[in-house]
Every structure is written in structure tokens, then in C-alpha cells.
Amino acid sequence: MELPFAEAWKIKMVEPIKKSTREQREQWLKEAHYNVFMLESEKIYIDCLTDSGTGAMSDRQWAAMMTGDESYAGARSFYELKAAIKDITGFDYVIPTHQGRAAENVMFSAILTKQGMVVPGNAHFDTTKGHIEFRKCTAIDVTIPEAKNTQLEIPFKGEVSLELLEKVLKENQGNIPCMVLTVTNNTVGGQPVSMKNIRETCELCHKYGVRVNIDSARFVENAYFIKMREEGYADKTIREICKEMFSYADSMTMSAKKDGLVNMGGFIATRHEDLYEACKAFCIPFEGFLTYGGMNGRDMAALAVGLRENTEFEMVETRVKQVEYLAKKLDEYGIPYQRPVGGHAIFVDAQKILTKVPKEEFPAQTLTCELYLEAGVRGCEIGYILADRDPVTRENRFGGLDLLRLCICRRTYTNNHMDVIAAALKNVYDRRDSITHGVKITWEAELMRHFTVQLDRVK
Ligand SMILES: *Cc1c(COP(=O)(O)O)cnc(C)c1O
């Protein structure tokens with residue numbers, strides 16, 4: 001018989017987690033004003049809030065921590081990190097930063113030199129967009145329109161529409177400091193971009209004299225999907241695929257909290273000396289000296305190991321297969337989610353489940369609460385609350401999707417935990433018709449309200 005799939009690691013250290021009773025969770029959620037960001041992590045059984053910085057490091061990474069060189073200038077750990085980045089991406093110049101948004105802050109400070117500049121991209125991540133808009137510049141989304149259809153199954157749903165991109169490039173000549181290519185495309189559900197699309201996007205941008213910055217938080221997962229889904233890549237290693245992906249681009253900004261397999265960190269890397277020089281000027285005041293940026297020596301050492309470890313096929317395969325495992329369970333139970341499942345999370349379609357909860361009562365937030373009450377599983381609303389109000393009319397924005405996101409942490413939970421998540425969702429799904437009321441806002445911040453919003457049950 002064929003041997004079943006199993007994880008490419010074994011467990012050396014464990015962290016106890018606690019179950020709770022439904023009565024306790026009712027009380028705690030009420031105290032948290034029905035906002036799961038306000039729950040203490042001790043009150044969570046399985047935490048799927050985010051996969052950012054929440055994964056487990058390996059014994060080799062922990063060992064590297066002990067060898068970290070904390071020298072202010074010229075730390076050996078920096079050169080270890082730089083060598084790992086060069087091996088994987090081919091980029092010569094590296095600036096460490098304390099996380100992904102810090103890399104964006106340094107780079108956009110250097111290149112968004114005047115207001116009104118335009119940065120096209122395949123659904124910019126929210127911090128990326130934030131940094132662009134903060135500088136009174138415009139982020140234009142050029143993702144393929146198919147990405148909006150949640151039930152359409154195509155292999156590379158995160159791609160750039162070359163047609164839309166070319167239109168932006170033509171209309172804004174001389175006013176585009178770079179294009180941001182996000183792999184995988186987080187905003188549309190962790191969907192990958194094919195090598196062909198990466199190459200053609202970069203070629204098109206270069207034709208117009210525009211550089212391409214790869215927002216690389218999940219570049220390894222993207223390489224995995226290329227290997228599994230794109231013709232001509234089945235026999236290539238993940239490293240070869242990563243090298244080729246970056247070979248077409250000019251630079252990268254990285255949140256190492258994702259595919260770097262560390263809890264905190266990030267960096268900028270580029271092949272261009274002029275860009276490096278421009279970024280240097282902002283690294284020093286915002287982050288720190290050039291050979292540590294925003295990071296400890298030990299954290300750079302652990303990241304160097306993490307990058308090498310995660311670009312081994314078996315490691316990223318284990319990760320993506322666990323997300324697929326949970327998706328299969330949901331298929332079995334008929335629970336609708338954004339298809340096909342992406343690399344790091346499942347986005348459950350709350351509108352399709354809680355059909356009796358009016359949109360004014362926030363179905364996805366209601367589902368997030370119900371899942372927590374059911375089993376102590378914490379997901380995150382990516383829906384109407386996150387969408388904030390229209391800045392002019394101050395009306396809620398109900399135009400987009402209303403989803404419950406379940407992120408899967410790297411190397412953290414077993415498939416038994418996935419079974420619990422799926423069963424808990426099924427129980428909520430089975431009683432969906434009895435859930436007729438949602439939540440109402442009692443207090444909210446003007447911007448980015450979802451982190452701190454206070455809610456109450458409608459009934
Ligand atoms: C997480 C993320 C960022 C921001 O990184 P932080 O480390 O959270 O600051 C930027 N882009 C993408 C695609 C991300 O997933």
C-alpha cells in the first residue's frame with residue numbers, strides 16, 4: 001500500500017494549550033466586546049488569527065540564536081543572513097528591518113519622492129497600500145478580474161492582468177517609481193502567481209522603464225505552487241524556482257514573519273546599487289545601522305537558517321498540505337470557502353452560511369464569534385468591519401466580501417487540531433438557520449477599526 005503523507009519534522013518541544021467551557025467563553029467574549037482581538041491568548045484553544053510570526057522555529061534555528069553576533073557594526077550574523085538571501089534570490093544588497101512594513105517604510109521613503117506618484121500592483125497588502133497612501137500617492141490594483149470570483153477554480157488566481165498593468169504604465173509614464181508584485185497574493189486569499197506571469201509582468205514594466213519590487217512574504221509557498229501547477233517546473237527544486245522568480249525582478253521587501261520561519265523580522269534586498277544607496281539613508285534613522293537594521297544579531301542568525309530550511313521542498317510541502325487537509329474536511333462538510341484554497345489560510349464565506357443574519361449585523365464577525373464560542377478556535381473577520389466606513393459618507397462599506405479567515409500557523413498544530421477546527425465549524429454550520437441575529441457596533445475607531453471595535457449582540 002502507498003504510504004500516507006506525514007510531516008517533514010518531529011516535535012522536540014511542546015507548549016501546553018487549554019480548553020475551556022462554553023460558559024467561560026461566553027463570559028470572556030462578552031468582556032472582550034465580541035472582538036476576538038481583545039481576547040487574551042490564554043483563553044484560546046486553537047489560534048488561527050494569523051500566520052504572521054506565530055510559527056515554530058526548528059532546533060537548528062534555536063541553536064543559531066545562541067551563536068548570534070550582537071556587534072553594532074559588521075556582525076557575523078548579518079553576513080550569514082546576507083549570504084542566505086544571495087543564495088536564494090541572487091540579490092547582492094540587503095538591509096535588515098524589524099518587520100515587513102518597516103522594509104516598506106524604508107523603501108517607499110526612498111522612492112516615493114513626491115506626492116501623486118502611482119504604484120500599480122496585484123492587490124497591495126494593507127500595510128503596503130497604507131505606506132503608499134500615507135505619502136499621498138496612489139496604489140492601483142491590477143489583479144486579474146477572475147480573482148474576485150470566489151468559486152472559480154484556476155491554478156494561479158493571484159496574477160497580474162497585463163492589460164490593466166499596461167494601461168496604468170502608459171497613462172502614468174514618468175510617475176511610477178515601481179510596481180509591487182505580491183507573491184503569493186495575500187489580499188485575494190494567498191493565491192499564487194505563475195512564473196510566466198512574473199516574467200511577463202517584469203518584462204512589461206521594464207519596457208516602460210519601471211522597476212519591479214516583489215512583496216515576498218510568502219515567496220516559498222508561491223514557488224511550491226509553481227512546482228506543482230506550472231508546466232516545466234515539476235522537476236525543478238524550490239530553490240531553483242525562487243532564484244528564477246527573483247531573477248526577473250529588481251528588488252524585494254520581505255516580512256520574515258511569514259516564509260522566513262521566524263517570529264519577528266524583515267528585510268529589503270535588491271540587485272541595484274542606486275536603490276540600496278537611497279534606502280540606506282532611511283534605514284539608519286528609522287531602523288538602525290546597516291548591518292542590523294531593526295534586528296538582533298541572534299534573530300538574523302535564526303532567519304538565515306529559517307530561509308534555507310523553508311526553501312527545502314519537504315518543509316513547504318508539509319505546510320501547504322496542512323492547509324489543503326483542512327480545506328478537504330470543509331469540502332466533506334459542504335462548508336463554502338474561497339476556492340481554490342491558497343497557501344496559508346482558508347477564507348470561509350460567511351454570507352453563504354449565515355444567510356439569516358442581515359449584512360448590517362456583520363455575518364462574518366458573527367461567525368467568528370460563533371466559532372470561538374463553539375470550540376475556543378480564534379479566526380479573524382476579513383469583511384465588513386475590516387472594510388471600515390466610507391471616508392466621505394461615513395456609511396459602512398458592504399460592497400466587498402464578508403469572510404472568516406482561518407490562518408494556519410507554520411509547524412504549530414497537528415492535523416488533529418485541523419479536525420477540531422473543521423468539526424467546530426460544522427457544528428456552527430449545522431445550526432446556521434437558528435442564527436438569525438448578529439452583532440452591532442457600540443464603539444469604533446475612525447480608521448482600522450477592526451482591531452479595537454467594541455460590539456454587542458443584537459439579541
Ligand atoms: C505580512 C505582510 C506584510 C507586512 O509585514 P509585517 O511583517 O506584518 O510588517 C506585507 N506584505 C505582505 C504580502 C504580507 O503578508
Side-chain angles (χ1 to χ4, degrees), residues 37 48-55 81 95-109 119-134 139 141-143 147 157-160 178-193 198 201 212-223 225 242 245-246 249 251-269 282-283 286-287 293-296 299-300 302-303 306-307 310 316 319-320 323 342-345 347 380 382 386 405-410 448 450-451:
F37 282 97
C48 300
L49 187 70
T50 173
D51 67 327
S52 178
T54 52
L81 175 60
I95 293 181
T97 61
H98 77 271
Q99 59 186 93
R101 67 198 67 186
E104 291 166 355
N105 187 30
V106 169
M107 181 174 289
F108 289 139
S109 295
V119 182
N122 53 336
H124 312 66
F125 185 68
D126 54 13
T127 61
T128 318
K129 195 170 176 171
H131 275 297
I132 294 167
E133 292 178 349
F134 175 74
D141 184 13
V142 293
T143 311
K157 214 171 167 179
E159 291 194 333
V160 173
C178 79
M179 184 268 175
V180 176
L181 178 59
T182 306
V183 299
T184 57
N185 188 330
N186 186 346
T187 307
V188 305
Q191 297 292 334
V193 180
I198 294 175
T201 295
V212 177
N213 179 62
I214 301 193
D215 182 350
S216 314
R218 297 182 177 81
F219 75 94
V220 190
E221 289 163 17
N222 200 80
F225 285 121
C242 290
M245 278 164 49
F246 290 109
S251 62
M252 68 192 287
T253 41
M254 174 77 185
S255 169
K257 303 171 71 167
K258 292 29 174 291
D259 277 350
L261 296 181
V262 293
N263 303 115
M264 190 57 74
F267 59 85
I268 295 169
F282 292 94
C283 176
F286 288 164
E287 291 290 300
M295 294 179 79
N296 294 311
D299 291 341
M300 290 190 285
L303 174 55
L307 286 169
N310 205 25
V316 60
R319 192 270 186 296
V320 177
V323 180
H344 70 284
F347 294 74
C380 175
I382 301 286
L386 178 76
R405 184 185 72 185
L406 297 167
C407 278
I408 309 304
C409 305
R410 294 167 185 78
M448 301 185 83
H450 83 134
F451 292 114

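Just so you know, these numbers come straight off a predicted model, no measurement behind them. All ligand and atom numbering here is 1-based and tracks the order in the structure.
- For ligand 1, the polar-atom distance check against Thr127 finds no nitrogen or oxygen pair separated by under 3.5 Å.
- One finds the CD atom of Glu159 at 9.0 Å from the CG atom of Asn122 (value rounded to the nearest 0.5 Å).
- Residue contact check: Thr182 has heavy atoms under 4.0 Å from atoms 13 (C) of ligand 1.
- Those atoms of ligand 1 that come under 4.0 Å of a heavy atom in Lys258, given as number and element, are 1 (C), 2 (C), 3 (C), 5 (O), 14 (C), 15 (O).
- Between Leu181 and Met179, some side-chain heavy-atom pair lies under the 4.5 Å cut-off.
- Within a 6.0 Å sphere centred on CZ of Phe134, heavy atoms belonging to other residues, nucleotides or ligands number 12 at most.
- Using cut-offs of 30° and 60° on the angle between ring planes, the pair His344 and Phe347 is perpendicular.
- Interface of Asp215 with ligand 1, defined as ligand atoms under 4.0 Å from a residue heavy atom, comprises 10 (C), 11 (N), 12 (C), 13 (C).
- Ring-plane geometry between Phe108 and His131 is classed as tilted, the angle between the planes lying from 30 to 60 degrees on a 0 to 90 degree scale.
- Of the charged side-chain nitrogens involved, none lies within less than 4.0 Å of a carboxylate oxygen, so that Asp141 and Lys129 do not count as a salt-bridged pair.
- Among protein heavy atoms, atom 7 (O) of ligand 1 sits closest to Ser255 OG, 2.7 Å.
- Proximity of Arg218 to ligand 1 is established by a heavy-atom distance of less than 4.0 Å.
- Checking Asn222 against Thr184 by side-chain atom types alone, no donor-acceptor pair falls below 3.5 Å.
- Only one option out of Lys258, Lys257, Arg319 pairs with Asp51 in a side chain to side chain donor-acceptor pair (under 3.5 Å); it is Arg319.
- The distance from ligand 1 to the heavy atoms of Lys257 drops below 4.0 Å at these ligand atoms: 7 (O).
- Within ligand 1, the atoms closer than 4.0 Å to a non-hydrogen atom of Glu104 are 10 (C), 11 (N), numbered from 1 in the order shown.
- The shortest N/O to N/O separation between Gln99 and ligand 1 falls below 3.5 Å.
- At a 3.5 angstrom cut-off on N or O pairs, Arg101 counts as close to ligand 1.
- Which parts of ligand 1 touch Gly100 is read off a 4.0 Å heavy-atom cut-off, strictly below it: atoms 5 (O), 6 (P), 7 (O), 9 (O).
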